There are 2 protein chains.
Amino acid sequence: MPTLDQIKEKVILHWGEMGSLWGINRTMAQVHALLFLSDEPLCANDIMEELQISRGNVSMALRELISWGLVTRLHIKGERREYYTTEKDVWTMGRIIARERKKREVDPTINMLRESMAELETMPPSEGAYEREQVKNLLNFFETGVDVYKDLEAHKPNSILKLLGTALKVKKLSS
Amino acid sequence: MPTLDQIKEKVILHWGEMGSLWGINRTMAQVHALLFLSDEPLCANDIMEELQISRGNVSMALRELISWGLVTRLHIKGERREYYTTEKDVWTMGRIIARERKKREVDPTINMLRESMAELETMPPSEGAYEREQVKNLLNFFETGVDVYKDLEAHKPNSILKLLGTALKVKKLSS
DNA sequence: CTAAGATTTCAGAATTTACTGAAAAAATGA
DNA sequence: TCATTTTTTCAGTAAATTCTGAAATCTTAG
């Protein structure tokens with residue numbers, strides 16, 4: 001039977017792999033998992049030791065996690081070192097990740113698609129008709145996603161139902 | 001004003017960057033975007049030329065896209081070469097991507113969490129209580145996600161409403 | 001202010017990931 | 001069957017990403 005530490009290690013390593021599949025670097029995800037599973041806040045030294053990584057790497061991972069809003073710095077009275085802790089509620093964690101990924105990935109994509117659409121619309125109707133159609137659909141897809149996200153954030157469950165309607169219609173057509 | 005080809009290139013390059021943020025390699029995402037914006041199917045040579053990449057790279061990207069179910073091979077009568085085309089409906093495309101990501105990322109994570117949970121439960125109650133709690137929450141989070149996904153696939157909108165309830169409750173607590 | 005402790009930065013090293021191109025394999029048609 | 005065209009594979013190379021560690025900076029206590 002594995003020890004507690006071995007189980008924690010397995011979870012942390014897996015979380016790290018998941019992170020790298022999601023465009024988050026391995027170490028950052030490992031630090032997050034370590035803090036998530038830790039009852040008390042940890043300092044940089046603790047993290048270095050547990051994950052066997054360099055001081056600089058810990059510093060960079062923490063900076064990134066803080067910029068995501070997933071980790072907070074903690075001054076413990078009488079302590080000289082900084083301590084770090086993470087959001088412990090999984091649903092809140094999920095919301096934070098959704099918010100950040102939207103900001104970093106979806107918003108720039110929507111901007112790019114809007115710009116492309118505007119440019120495509122200045123062209124003669126004979127040219128690029130198919131491209132125009134496809135960019136429009138893509139844009140609509142992302143915009144619908146953002147609408148649902150916003151309503152969820154704002155407690156308005158109306159449009160998630162609209163989405164559901166669309167999803168079911170698509171399902172029906174394609175099955 | 002940009003030409004049609006310049007606009008297409010911009011969309012394709014951006015889609016490639018997006019892909020690499022999502023654990024899909026840049027080339028694979030670019031090939032997908034190229035096919036998505038193309039009215040007719042393309043052959044390997046077309047893709048090589050448009051994206052300025054090697055034959056081998058095209059072959060690998062197509063294999064991967066086909067294994068995701070996003071691209072299909074097309075035999076055109078009288079043609080010796082294979083042609084390729086992609087799913088053109090954005091909603092269907094979204095569903096395919098969701099299905100594959102679930103299979104490749106979420107399912108293995110759930111397995112790992114279940115295994116860890118089982119191991120944690122064999123330990124004395126005094127040891128690892130916090131870890132047990134957190135792994136349980138994580139597992140529940142992912143399992144809820146899968147439930148919603150399955151109901152959507154199966155036309156049953158019930159549990160998405162349950163999720164919504166939970167999400168709103170969380171929102172309320174944390175705001 | 002100074003010294004000790006703690007954190008951050010970043011150039012270079014290490015590692016990982018992606019790509020090329022030529023050889024091998026597969027497919028097609030005569 | 002064989003010759004030709006197309007696709008696939010994969011070893012080696014290139015590129016991108018991540019990590020280290022020492023110097024610089026910042027913080028705090030005395």
Side-chain angles (χ1 to χ4, degrees), chain A residues 12-35 41-68 71-86 104-105, chain B residues 12-35 41-68 71-86 104-105:
Chain A
I12 290 169
L13 292 181
H14 185 104
W15 201 248
E17 294 312 313
M18 283 287 292
S20 49
L21 282 176
W22 276 70
I24 287 161
N25 98 31
R26 197 191 319 280
T27 302
M28 183 177 156
Q30 286 181 1
V31 171
H32 175 247
L34 175 64
L35 291 171
L42 303 178
C43 69
N45 277 351
D46 297 334
I47 297 170
M48 278 175 69
E49 217 168 276
E50 291 271 2
L51 302 182
Q52 299 285 1
I53 57 178
S54 72
R55 188 172 292 285
N57 201 4
V58 170
S59 175
M60 289 189 297
L62 286 171
R63 172 170 35 152
E64 199 67 0
L65 285 163
I66 290 168
S67 91
W68 275 63
V71 163
T72 48
R73 211 183 286 273
L74 224 65
H75 296 273
I76 291 187
K77 59 183 178 188
E79 278 283 358
R80 189 136 181 188
R81 303 180 193 170
E82 308 271 13
Y83 281 74
Y84 301 89
T85 190
T86 192
R104 290 156 200 253
E105 296 157 27
Chain B
I12 290 169
L13 292 180
H14 185 103
W15 201 248
E17 294 313 313
M18 282 288 292
S20 51
L21 284 175
W22 277 71
I24 288 161
N25 98 30
R26 196 190 319 279
T27 302
M28 182 178 156
Q30 286 181 1
V31 171
H32 176 247
L34 176 62
L35 291 171
L42 302 178
C43 69
N45 276 351
D46 297 334
I47 298 171
M48 279 176 69
E49 218 169 276
E50 291 273 1
L51 303 181
Q52 299 284 2
I53 57 179
S54 73
R55 189 172 293 285
N57 201 4
V58 170
S59 176
M60 289 188 296
L62 286 171
R63 172 171 34 158
E64 200 66 1
L65 285 164
I66 290 169
S67 92
W68 275 62
V71 163
T72 48
R73 210 184 286 275
L74 223 64
H75 296 274
I76 290 188
K77 58 183 178 187
E79 277 282 0
R80 190 135 181 187
R81 302 181 192 167
E82 308 269 12
Y83 280 74
Y84 302 90
T85 190
T86 192
R104 291 157 200 252
E105 296 157 26

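Treat the numbers as computed from the prediction; the structure is a model and nothing was measured.
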Flag side-chain contact, heavy atom, 4.5 Å: A:Val31 against A:Val58: no

Gap between atoms CG and P, on B:Leu42 and D:dT6 respectively (whole Å): 16 Å

Integer-rounded Å distance: D:dT25 C1' and A:Arg55 CZ: 14 Å

Distance in angstrom units between A:Ile53 CD1 and C:dA14 C1', rounded: 15 Å

Whole-Å gap separating P (D:dC26) and CZ (A:Arg73): 14 Å

DNA chain C: 5'-proximal contact among A:Asn57 and A:Arg26 (nearest heavy atom): A:Asn57

Residue mapping more 5' on DNA chain D - nearest nucleotide basis, A:Met60 or B:Tyr84: B:Tyr84

Residue-phosphate contact under 4.0 Å: A:Arg80 side-chain N/O, C:dA3 OP1/OP2: no

Nearest-angstrom distance from the residue atom CD of B:Glu64 to P of D:dT9: 12 Å

Under 4.0 angstrom between A:Thr27 side-chain N/O and D:dC19 OP1 or OP2: yes

Distance, rounded to the nearest Å, where A:His75 contributes NE2 and D:dA29 contributes P: 11 Å

Distance, rounded to the nearest Å, where A:Leu62 contributes CG and C:dT8 contributes C1': 11 Å

Under-4.0 Å side-chain N/O to phosphate OP1/OP2 contact, B:Asn45 with D:dT7: no

pair B:Asn57-B:Leu51: side-chain heavy atoms closer than 4.5 Å: no

B:Met60 CE to B:Ser54 OG distance, which is reported to the nearest 0.5 Å: 6.5 Å

B:Trp68 CH2 to B:Ile24 CD1 distance, which is reported to the nearest 0.5 Å: 4.0 Å

A:Leu35 to A:Thr86 - nearest heavy-atom pair and separation: C-CG2, 3.6 Å

Any B:Arg81 side-chain nitrogen or oxygen under 4.0 Å from OP1 or OP2 of D:dT6: yes

Phosphate contact (C:dC19 OP1 or OP2) by B:Asn25 side-chain N/O below 4.0 Å: yes

Euclidean distance, atom CD of residue A:Glu82 to atom P of C:dT7 [Å, nearest integer]: 6 Å

D:dT7 phosphate, OP1 or OP2, under 4.0 Å from B:Arg63 side-chain N/O: no

